[in-house]
Amino acid sequence: GDVSGLTALDNRLKEIFADTGNPFDQVIIQVSSNLLYERLMEVVDICTHQTLPGGQKLSKLSFVEVPVE
């Protein structure tokens with residue numbers, strides 16, 4: 001997988017959820033219909049390891065499929 005991309009995603013999510021003024025408590029993942037399942041699971045894994053400002057784990061994940069042109 002693209003480890004640098006996953007690390008960047010992890011760091012960005014940590015920044016977002018570290019902000020106590022952040023009203024967000026869910027992540028919506030836009031998924032290409034040709035994305036490998038393993039890659040998606042890596043992204044899901046990173047998302048579910050995030051901690052919200054209140055200390056609880058991020059548990060709300062949604063998926064939106066983006067059609068491939």
Side-chain angles (χ1 to χ4, degrees):
D2 181 0
V3 177
S4 63
L6 291 171
T7 303
L9 173 65
D10 187 37
N11 291 337
R12 184 70 189 109
L13 288 172
K14 280 190 172 74
E15 281 174 25
I16 293 168
F17 290 119
D19 180 0
T20 52
N22 173 16
F24 302 109
D25 67 349
Q26 73 169 331
V27 169
I28 297 174
I29 301 172
Q30 289 186 317
V31 184
S32 165
S33 53
N34 65 358
L35 180 71
L36 286 172
Y37 183 74
E38 290 80 19
R39 298 289 85 84
L40 176 60
M41 288 299 100
E42 289 171 353
V43 172
V44 168
D45 193 49
I46 285 174
C47 291
T48 55
H49 280 86
Q50 301 305 315
T51 303
L52 301 176
Q56 68 274 45
K57 287 286 183 194
L58 174 70
S59 60
K60 297 179 187 172
L61 287 180
S62 305
F63 301 94
V64 178
E65 189 170 310
V66 181
V68 179
E69 292 300 318

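Numbering starts at 1 and runs along the sequence shown.
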Item to check | Trace of the side chain to side chain contact (heavy atoms under 4.5 Å, CB included) decision for Arg12 with Ile16 | outcome: CA-CA 6 Å; Arg12 184 70 189 109; Ile16 293 168; 3.6 Å; yes

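Residue Val43 is tested with Val27, Leu61, Ile29 for a side chain to side chain contact (heavy atoms under 4.5 Å, CB included); the sole match is Ile29. Of the options Asp10, Asn11, Leu9, a side chain to side chain contact (heavy atoms under 4.5 Å, CB included) to Thr7 is made by Asn11 and by none of the others.
Atom CG of Leu6 sits about 4.0 Å away from atom CD1 of Ile46, to the nearest 0.5 Å. Rounding to the nearest 0.5 Å gives a distance of 11.5 Å between NZ of Lys60 and CD1 of Ile28. For the atom pair CZ (Phe24) and CD (Gln26), the distance works out to 9.5 Å, reported to the nearest 0.5 Å.
Proximity of Lys57 to Gln50: side-chain heavy atoms (C-beta onward) are nowhere separated by under 4.5 Å. Counting heavy atoms from C-beta on, the side chains of Asp45 and Met41 never come closer than 4.5 Å. Thr51 has its side chain out of reach of Phe17: every pair of non-hydrogen atoms, C-beta onward, lies at least 4.5 Å apart. The shortest side-chain heavy-atom distance between Val64 and Val31 does not fall under the 4.5 Å cut-off. Counting only heavy atoms from C-beta outward, the side chains of Cys47 and Leu13 approach each other to under 4.5 Å. You'll find the side chain of Leu40 reaches within 4.5 Å of the side chain of Phe63, heavy atoms only.
Remark: Gln30 CD is loosely packed, at most 12 non-hydrogen atoms of other residues, nucleotides or ligands lying under 6.0 Å away.
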